[in-house]
S.K.: 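Here it is, the structure, as structure tokens.
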Amino acid sequence: MVATALANVFNPMCLALIWFGTVLGIIFGSVPGLSATMAVVLFLPLTFSMEATQGIALLVGLYMGGISGGLISAILLKIPGTPSSISTVFDGGPMAEKGEAGRALGVGILYSFIGSIIGIVALAFISPLLAKVCLLFGAADYFGVAVFSLTIIAALSGKDMLNGLIAGLIGLALSMVGMAPIDAQIRYTFGNYQLLSGFDITVLLIGVFAVTDIILAGFGRKTLAASFEKKKWDLKGYGISMKEFIQQIPNAIISSVIGIGIGILPGIGGSTAGLIAYTTEKSRSKHPEKFGTGIIDGVIASETANNAVIGGSLVPLLCMGIPGNTVAAVFLGGLLVHGISPGPLIFDKSGQYVYGIYFALLVSSIFMLVFERLGLPIFAKLLDIPKHILLPIIMVMCCVGAYSANSRVFDVKCVLFFALLGLFFKVFKIPSTPLIIGFILGSMFEENLRQALQAGHGSWLIFVQRPICLVFLIAAVVFCTLTVRKNLREKKAAEAAGQEFDTSEEEG
Amino acid sequence: MTNKVRDIICSVIMLAFGAMMVVLAQDIPHKVAKDVGSAYVPTFIGICILIVAAAKLILTLVNKKPAASQKIKFTQDALGGFGTIALMVVYMLIFEPVGFIVSSALYLFVQMILLSDNKNRNPILFAIIAVALPVAVDALFVFAIKMPLPVGILGF
């Protein structure tokens with residue numbers, strides 16, 4: 001399987017796709033308003049006609065490039081291109097103001113690479129072990145996993161749990177449309193035969209994440225043309241000496257471990273990893289007062305951690321089908337589209353694709369290191385592309401993507417429906433990521449619940465009699481309780497400070 | 001509109017949605033005797049939506065904090081937003097009958113005009129992009145990906 005994966009990835013076509021994906025991902029990550037999520041969503045339909053490894057390789061490149069690209073605008077514009085790069089602004093911005101923008105960019109790229117590699121190594125070691133444990137699972141246990149996964153919604157709900165629950169439940173409801181599992185009963189199609197197979201995940205993703213943002217740009221068109229002051233930069237090599245590199249080894253290792261851990265935990269994204277790594281490095285440092293004034297330590301902590309999240313987030317995704325964050329949820333959609341079902345058997349059933357993902361991640365990291373550095377002048381120039389031209393082009397690509405999902409115009413119309421649903425969510429401050437989690441987990445939840453109840457002759461006791469299921473159900477309750485308590489504490493603190501309570505969630 | 005009114009509207013819409021789900025689930029036939037049936041989970045989800053929406057409505061109604069009665073400021077550009085939605089609706093409606101190239105060219109041109117302001121409006125550049133992009137994408141799909149996009153009544 002390893003040899004097949006090697007042969008599949010290391011061929012000119014696949015390497016070209018990884019390169020293309022990485023470069024495009026960097027562009028999407030670097031331009032504020034575009035995101036890694038949007039990049040993966042937009043190019044997902046283009047992978048349909050590709051061989052699975054090639055399609056996944058393109059998505060891997062987009063994911064990797066998208067997360068890393070955010071540092072370019074974080075440093076040059078002081079606007080994080082993606083939420084993952086929020087903490088890069090803290091020191092990257094001041095470095096740029098001191099005339100060290102080039103050095104900040106070089107260090108950011110180098111440590112994005114180092115974080116990615118450490119994350120991939122962790123993924124390769126942890127995933128097979130976790131998969132072996134998961135082989136013991138039955139239908140009731142998978143129901144437990146689904147329930148636990150649905151509790152991610154609690155963490156992704158921003159600070160308003162009820163709104164998050166509403167989004168997750170609507171996602172579950174949308175997954176009920178079409179033919180039911182087990183007895184193939186037709187549900188909620190309203191006589192429309194196009195809905196027999198249910199809604200397509202790609203169409204849902206394009207509508208909610210890409211087209212909704214274009215509509216919002218229309219509402220904010222007066223600020224679209226606002227130009228930001230872009231800092232000048234100059235860079236030789238990666239802007240770091242060997243002495244500094246050796247000094248920063250502990251920072252890189254600790255930040256990577258934080259990134260991997262945060263990635264594995266459900267519902268926490270790259271921005272949190274960056275912030276925790278930044279704070280940890282600051283408290284560990286001999287000169288904490290210098291953080292925020294423009295030193296490489298802060299940039300290194302943030303960029304190493306947010307890229308290590310990629311490897312970490314793929315561990316629960318591959319072994320149990322649990323998407324830990326928004327981009328991972330979209331990536332899971334990509335795997336399903338190519339017939340790769342994440343779960344403990346993934347190493348037996350789709351081993352060549354899993355190893356293909358590992359190799360694609362490695363290649364993509366190297367491409368990112370080389371081409372993000374070489375292409376810096378071009379990527380910096382791309383920040384000048386006017387949004388009033390870029391966004392309509394993206395809309396056309398969204399329609400093409402939706403059409404190519406099943407070669408039917410019905411899906412193009414569904415994109416608009418989901419975009420309006422996304423807009424409804426924005427207006428009513430409902431987070432949209434739980435909608436995707438609910439939609440993806442809907443069939444797993446229902447199928448395993450019904451199979452387990454059949455096996456248990458209709459008795460719900462089967463879910464507490466199976467130790468694995470019981471552990472997941474208890475974990476779900478504990479996780480939910482802790483999240484609710486944390487949210488309530490933050491809500492009280494925000495209200496005490498007289499601030500408005502924000503319910504928005506992190507997206508790619 | 002205040003935050004309170006917004007949350008009440010949201011709760012009422014969700015109550016209606018949950019109720020519709022539960023009512024429609026009752027028409028789903030039960031075929032396999034040993035199975036709980038295909039109506040089981042949709043009914044459960046519908047009831048959950050009803051419970052969550054009712055909880056949200058009650059919490060909103062009893063909320064006496066000043067933030068609840070704070071007015072939501074609408075600083076957005078309604079013409080830009082609703083114009084974009086209207087353009088998208090027209091684009092999707094003409095996508096099949098007129099074909100991908102013509103519908104996309106029209107959409108791109110008008111959308112770029114709508115999103116631009118007096119300073120950066122450049123109709124000639126917009127027209128070139130509006131024609132070149134759909135032609136290039138169509139060529140990519142027809143010749144490289146081998147998946148033709150809708151051609152419409154004009155035959156291209």
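Order of the sequence lines fixes the chain letters, A, B, ..., with proteins taken first and strands second; residue numbering starts at 1 for each chain.
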S.K.: Could you tell me which of B:Gly80, B:Ala53, B:Ser38 has the largest number of non-hydrogen atom pairs under 4.5 Å with chain A?
M.R.: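 Of the options given, most contacts go to B:Ser38.
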
S.K.: Is a side-chain N or O of A:Tyr188 found less than 3.5 angstrom from the main chain of B:Met21, in a donor-acceptor match?
M.R.: yes

S.K.: How close do A:Val412 and B:Met92 get, heavy atom to heavy atom, and via which atoms?
M.R.: O-SD, 2.9 Å

S.K.: Taking atom CG of B:Asp27 and atom CD1 of A:Ile186, what is their separation to the nearest 0.5 Å?
M.R.: 13.5 Å

S.K.: If you count heavy-atom pairs under 4.5 Å between each of B:Gly46, B:Ala55, B:Ala25, B:Gly37 and chain A, which one has the most?
M.R.: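 Counting heavy-atom pairs under 4.5 Å, the top option is B:Gly37.
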
S.K.: Tell me, out of A:Ile215, A:Leu420, A:Leu453, A:Leu216, who's got the most heavy-atom pairs with chain B below 4.5 Å.
M.R.: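 Ranked by contacts with chain B, first place is A:Ile215.
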
S.K.: Go through the atoms of B:Ile49 and report whether side chain, backbone, both or neither lie under 4.5 Å from a heavy atom of chain A.
M.R.: both

S.K.: Does any heavy atom of chain A fall under 4.5 Å from the side chain of B:Ile129, the backbone, both, or neither of them?
M.R.: side chain

S.K.: If you apply the rule side-chain contact (heavy atoms from CB on, under 4.5 Å), what do you find for B:Gln111 with A:Met395, and how did you get there?
M.R.: CA-CA 10 Å; B:Gln111 183 73 78; A:Met395 177 62 200; 5.7 Å; no

S.K.: In terms of heavy-atom pairs under 4.5 Å, which option from A:Arg450, A:His457, A:Met176, A:Gln454 contacts chain B the most?
M.R.: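 Most pairs with chain B among the choices: A:Arg450.
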
S.K.: Which distance, rounded to the nearest 0.5 Å, do you find between the CG of B:Leu149 and the OG of A:Ser407?
M.R.: 8.5 Å

S.K.: The criterion is side-chain contact (heavy atoms from CB on, under 4.5 Å); which residues satisfy it with B:Leu106, sequence neighbours excluded?
M.R.: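 Residues passing side-chain contact (heavy atoms from CB on, under 4.5 Å) with B:Leu106: B:Ile94, B:Val102.
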
S.K.: Can you name the closest pair of heavy atoms from A:Val409 and B:Pro150 and give their distance?
M.R.: CG2-CG, 4.3 Å

S.K.: Given that the side chain runs from C-beta out, which part of A:Val396 has a heavy atom under 4.5 Å from chain B: side chain, backbone, both or neither?
M.R.: both

S.K.: Among A:Leu449, A:Ile393, A:Ile182, which has the most heavy-atom pairs under 4.5 Å with chain B?
M.R.: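 Of the candidates given, the most pairs with chain B belong to A:Ile393.
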
S.K.: Under 3.5 Å, is there a donor-acceptor pair between the side chain of A:Arg187 and the main chain of B:Ala39?
M.R.: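 No, the answer is negative, given that no donor and acceptor are paired below the 3.5 Å cut-off.
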
S.K.: How far apart are the closest heavy atoms of A:Leu169 and B:Cys48, and which atoms are they?
M.R.: CD2-CB, 3.7 Å

S.K.: If only atom types and distance count, is the side chain of A:Arg221 paired as donor or acceptor with the main-chain N or O of B:Leu114 below 3.5 Å?
M.R.: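 Indeed, once roles are kept as given, a pair shorter than 3.5 Å links the two residues.
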
S.K.: What are the two closest heavy atoms between B:Arg6 and A:Val427, and how far apart are they?
M.R.: CD-O, 3.4 Å

S.K.: Could you go through B:Asn3 and A:Lys429, starting from their C-alpha distance and side-chain angles, then the distance that decides it, and tell me whether this counts as side chain to side chain donor-acceptor pair (under 3.5 Å)?
M.R.: CA-CA 10 Å; B:Asn3 285 329; A:Lys429 298 262 177 191; over 6 Å; no

S.K.: Can you tell me which portion of B:Ala130 sits under 4.5 Å from chain A's heavy atoms? Options are side chain, backbone, both or neither.
M.R.: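 Contact with chain A involves no heavy atom of B:Ala130 at all.
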
S.K.: Taking side chain as everything from C-beta outward and backbone as N, CA, C, O, which of these in A:Met397 sits under 4.5 Å from a heavy atom of chain B? Side chain, backbone, both or neither.
M.R.: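 Side chain of A:Met397 only, per the 4.5 Å heavy-atom cut-off to chain B.
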
S.K.: Are B:Phe82 and A:Phe219 an aromatic pair by the rule of ring centers under 6.0 Å?
M.R.: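 They qualify: ring centres under 6.0 Å apart.
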
S.K.: Give the C-alpha distance, both sets of side-chain angles, the deciding distance and a yes or no for side-chain contact (heavy atoms from CB on, under 4.5 Å) between B:Leu24 and A:Phe190.
M.R.: CA-CA 10 Å; B:Leu24 290 177; A:Phe190 304 99; 3.6 Å; yes

S.K.: What part of B:Met14 lies closer than 4.5 angstrom to a heavy atom of chain A: side chain, backbone, both or neither?
M.R.: side chain

S.K.: Can you say whether B:Leu87 sits under 4.5 Å from chain A via the side chain, the backbone, both, or neither, judging by heavy atoms?
M.R.: neither

S.K.: Contact part of B:Pro134 toward chain A, heavy-atom cut-off under 4.5 Å: side chain, backbone, both or neither?
M.R.: neither

S.K.: With respect to chain A, which residue among B:Ser104, B:Gly83, B:Ala78, B:Pro29 yields the maximal number of heavy-atom pairs within a distance under 4.5 Å?
M.R.: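 Top count of heavy-atom pairs under 4.5 Å with chain A: B:Pro29.
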
S.K.: Could you go through the side-chain contact (heavy atoms from CB on, under 4.5 Å) check for A:Phe445 and B:Phe44 one step at a time?
M.R.: CA-CA 12 Å; A:Phe445 175 83; B:Phe44 171 73; 4.0 Å; yes

S.K.: Hey, what's the ring geometry for A:His388 with B:Phe126, parallel, tilted or perpendicular (30° and 60° as the breaks)?
M.R.: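 Aromatic pair A:His388/B:Phe126 classed perpendicular.
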
S.K.: Just to verify, what does A:Phe20 make a side-chain contact (heavy atoms from CB on, under 4.5 Å) with, not counting sequence neighbours?
M.R.: A:Leu24, A:Phe43, A:Leu58

S.K.: I'd like to know whether B:Leu115 forms a side-chain contact (heavy atoms from CB on, under 4.5 Å) with A:Lys387, so could you lay out the CA-CA distance, the side-chain angles of the two residues, the decisive distance to 0.1 Å, and finally the verdict.
M.R.: CA-CA 8 Å; B:Leu115 291 180; A:Lys387 295 278 167 41; over 6 Å; no

S.K.: Name the member of B:Leu79, B:Thr84, B:Ile113, B:Ile85 that forms the most heavy-atom pairs with chain A at distances under 4.5 Å.
M.R.: B:Ile85

S.K.: First locate atom SG of B:Cys10, then atom CD1 of A:Ile430, and finally report the distance between them rounded to the nearest 0.5 Å.
M.R.: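 Answer for the SG-CD1 pair, B:Cys10 versus A:Ile430, is 4.0 Å.
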
S.K.: Look up atom NZ in B:Lys56 and atom CZ in A:Phe428, then write down how far apart they are to the nearest 0.5 Å.
M.R.: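 The distance works out to 9.5 Å.
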
S.K.: Using 0.5 Å steps for rounding, measure from the CZ atom of B:Phe100 to the SG atom of A:Cys399.
M.R.: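 Between B:Phe100 CZ and A:Cys399 SG, I get 8.5 Å after rounding to 0.5 Å.
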
S.K.: Determine the option with the most heavy-atom pairs under 4.5 angstrom with chain B, choosing from A:Val400, A:Leu423, A:Val415.
M.R.: A:Val400

